Amino acid sequence: MHPNVNLIVEPDYASMSKRAAEIFAQVLRENPNGAFGFATGGTPEGMYKELISMHNNDDLDFSEITTFNLDEYHPIARDISQSYYYVMQENLFRHVGISEEQINIPDGTAPDPLEECHAYEQKLWDSGGIDMQILGIGHNGHIGFNEPSDSFAANTNYTILKESTIENNARFFSKAEEVPRHAITMGIRSIIMARSILLLCSGAAKAEILRDALQGPITPLVPASALQLHPNVIVVADKEAASLLNQDTSYKESQKNQS
Ligand code: PGA
């Protein structure tokens, strides 16, 4: 494992979610006025439930933070239940007292999406940087909606979703044809500018891509491999997702063997 990746393996989805929530809560308590990056998708849902329960039972306070979300479909209105704005409200924000003024999510109704990308990137800069960015990983290695490509997109960008992503996300819609074909997503540099990254990964179906992302070559064909360039990544995976990772070789040991 690379020295900059802190890997935590939990037995199952429930304990992965709990552990990730504890890590997030600690950073939140240390930075009550901080900026935090949120992700949608199925993986972080359990963690959000844990955070809601910490808010209700342990006074975990979200009232002073600024939130940024990784991405949003385009076009989509906020009141459509599949919009990431709506999903974040339902899964976390409205349960922990996060108000409208605290929320930043790309505008899925922006008439000029490129202008919206530029404005969103500016907001990220103006915030002073994200203290902790939560990430899932797509089956194809995407983070946010940065799909496999022959180059890394640095900044917030307007992207065409891959067929495999549309198929995967069709489970949230009544049929695949309803999934928007475009999205606005934070770029790879926008993501790795965060001071820390918390990547969640669950299930055997993600084992291969997690290994490629963390231990394969750094390549835009696996967008998540760019995380190897980040100095402070925490990966919380369940046993199945971590099953193909080489966990025995520490950096120091591999250096020793090479010399
Ligand atoms: P999932 O999506 O959590 O629903 O698997 C992850 C992602 O696409 O980033």
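Quick caveat: nothing in here was measured; it's all calculated off a predicted structure. In what follows, every heavy atom counts, from backbone to side chain, and hydrogens, waters and symmetry copies are set aside.
- Of all non-hydrogen atoms in His95 and Glu90, the two that sit nearest each other are NE2-O, 2.7 Å.
- Residues Pro106 and Asn69 share a closest heavy-atom pair of CD-O, 3.9 Å.
- Atom CZ of Phe93 and atom OH of Tyr48 lie 7.0 Å apart (nearest 0.5 Å).
- A heavy-atom distance below 4.5 Å is not found between the side chains of Ile234 and Ser196.
- Atom CG of Asp59 is separated from atom CZ of Arg29 by 8.5 Å, given to the nearest 0.5 angstrom.
- Of the N and O atoms on the side chains of Glu22 and Gln26, not one donor lies less than 3.5 Å from an acceptor on the other residue.
- Between the side chain of His142 and the backbone N or O of Leu161, no donor-acceptor pair lies under 3.5 Å.
- Considering only heavy atoms from C-beta on, Thr43 comes within 4.5 Å of Met16 through its side chain.
- Using a 4.0 Å cut-off between charged side-chain N and carboxylate O, Lys49 and Glu45 make no salt bridge.
- Applying the ring pair (Phe, Tyr, Trp, His ring centres under 6.0 Å) criterion to Tyr73, with sequence neighbours excluded, gives Tyr84, Phe145, Phe173.
- In this model, no donor atom of one side chain and acceptor atom of the other lie less than 3.5 Å apart for Glu147 and Thr159.
- Without hydrogens or angle criteria, Arg94 side chain to Leu92 main chain gives no donor-acceptor distance under 3.5 Å.
- Summarising the geometry of Ala110 relative to Glu116, their closest heavy-atom pair is CB-CB, 3.6 Å, with the distance given to 0.1 Å.
- Summarising the geometry of Ser190 relative to Leu124, their closest heavy-atom pair is CB-CD1, 3.9 Å, with the distance given to 0.1 Å.
- With Gln102 contributing its side chain and Ile65 its backbone, the two residues share a donor-acceptor pair below 3.5 Å.
- When the ring pair (Phe, Tyr, Trp, His ring centres under 6.0 Å) test is applied to Phe172, no partner is found at least two apart in sequence or on another chain.
- Between the side chain of Gln215 and the backbone N or O of Asn246, at least one donor-acceptor pair lies under 3.5 Å.
- Residues Pro180 and Pro75 share a closest heavy-atom pair of CG-O, 3.8 Å.
- Under the 3.5 Å distance criterion, the side-chain polar atoms of Glu121 are matched with a main-chain donor or acceptor of Thr156.
- When each of Val233, Ile143, Leu227 is paired with Ile192, the side-chain contact (heavy atoms from CB on, under 4.5 Å) condition holds for Leu227 and for no other.
- Using a 4.5 Å heavy-atom threshold, the side chains of Pro220 and Pro148 count as separate.
- A 4.5 Å side-chain heavy-atom check between Arg181 and Ile166 finds at least one atom pair inside the cut-off.
- One finds a salt bridge joining Glu10 and Arg19 here, because a Lys/Arg side-chain nitrogen approaches an Asp/Glu carboxylate oxygen to under 4.0 Å.
- In this structure, Glu64 contributes its side chain and Pro32 its backbone to no donor-acceptor pair below 3.5 Å.
- The CG atom of Asp107 sits 11.0 Å away from atom CG of Asp112, with the distance rounded to the nearest 0.5 Å.
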- [ ] Before giving the answer on side chain to side chain contact (heavy atoms under 4.5 Å, CB included), spell out for Asp71 and Thr40 the whole-Å C-alpha distance, their side-chain angles and the decisive distance to 0.1 Å.
- [x] CA-CA 8 Å; Asp71 47 18; Thr40 47; 4.0 Å; yes

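- When the side chains of ILVMFWY residues are joined at heavy-atom separations under 4.5 Å, either directly or via intervening members, Met47 and Ile98 end up in a single hydrophobic cluster.
- Checked by atom type and distance alone, the side chain of His74 never pairs as donor or acceptor with a backbone atom of Thr109 at under 3.5 Å.
- The neighbour count for Glu178 CD, taken as heavy atoms of other residues, nucleotides or ligands under 6.0 Å away, is above 12.
- With rounding to the nearest 0.5 Å, the separation of CD in Gln133 from CD1 in Ile197 is 6.0 Å.
- Sorted by first and then second residue, the ring-ring contact (aromatic ring centres under 6.0 Å, His included) pairs with a member in residues 6-33 read Phe24-Phe36, Phe24-Phe38; sequence neighbours excluded.
- Under a hydrophobic-cluster definition in which Ile, Leu, Val, Met, Phe, Trp and Tyr are linked whenever side-chain heavy atoms come within less than 4.5 Å, directly or via other members, Leu199 and Leu229 are assigned to the same cluster.
- To the nearest 0.5 Å, atom CD1 of residue Ile130 and atom OG1 of residue Thr67 are 9.0 Å apart.
- Hydrophobic clustering of Ile, Leu, Val, Met, Phe, Trp and Tyr side chains at less than 4.5 Å, counting indirect connections, unites Leu135 with Phe152.
- Put simply, Ile160 and Met186 are part of two different groups of oily side chains (I, L, V, M, F, W, Y) that touch within less than 4.5 Å, one to the next.
- Annotation: Lys123, atom NZ; neighbour count of heavy atoms from other residues, nucleotides and ligands within 6.0 Å is above 12.
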- [ ] Begin with the C-alpha distance, continue with both residues' side-chain angles, and end with the deciding distance and a verdict on side chain to side chain donor-acceptor pair (under 3.5 Å) for Tyr86 and Gln82.
- [x] CA-CA 7 Å; Tyr86 194 102; Gln82 292 88 356; over 6 Å; no

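- No donor-acceptor distance shorter than 3.5 angstrom exists from the side chain of Thr66 to the backbone of Asn33, with no hydrogens or angles considered.
- The CG atom of Asn155 sits 11.5 Å away from atom CD1 of Ile188, with the distance rounded to the nearest 0.5 Å.
- When side chains are defined from C-beta on, Ile8 counts as touching Ile23, because their heavy atoms get closer than 4.5 Å.
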Task: Evaluation steps, side chain to side chain donor-acceptor pair (under 3.5 Å), between Ser15 and Asp12 - done: CA-CA 6 Å; Ser15 52; Asp12 53 29; 2.8 Å; yes

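- Within the structure, the ring-ring contact (aromatic ring centres under 6.0 Å, His included) test picks out the following pairs touching residues 176-211 (sequence neighbours left out): Tyr158-His182.
- Contact annotation: the side chain of Thr219 never approaches that of Asp212 to less than 4.5 Å [non-hydrogen atoms, C-beta and beyond].
- The list of ring-ring contact (aromatic ring centres under 6.0 Å, His included) pairs with a residue in residues 104-136, not counting sequence neighbours, reads Phe68-Tyr120.
- Minimum heavy-atom separation, Ala77 to Ser83: O-CB, 3.3 Å.
- Contact of the Asn146 side chain with the Ile191 side chain is registered, since non-hydrogen atoms from C-beta on lie closer than 4.5 Å.
- Within the 4.5 Å cutoff, the side chain of Ile103 has heavy atoms near those of the Gln89 side chain.
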For residues 200-209, which side-chain donor-acceptor pairs fall under 3.5 Å, sequence neighbours excluded?
{"unit_1": "Ser202", "atom_1": "OG", "unit_2": "Asp238", "atom_2": "OD2", "d": "2.8"}
{"unit_1": "Lys206", "atom_1": "NZ", "unit_2": "Ile137", "atom_2": "O", "d": "2.9"}

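- Val87 and Ile184 are not part of a single hydrophobic cluster, where members link through side-chain heavy atoms under 4.5 Å apart.
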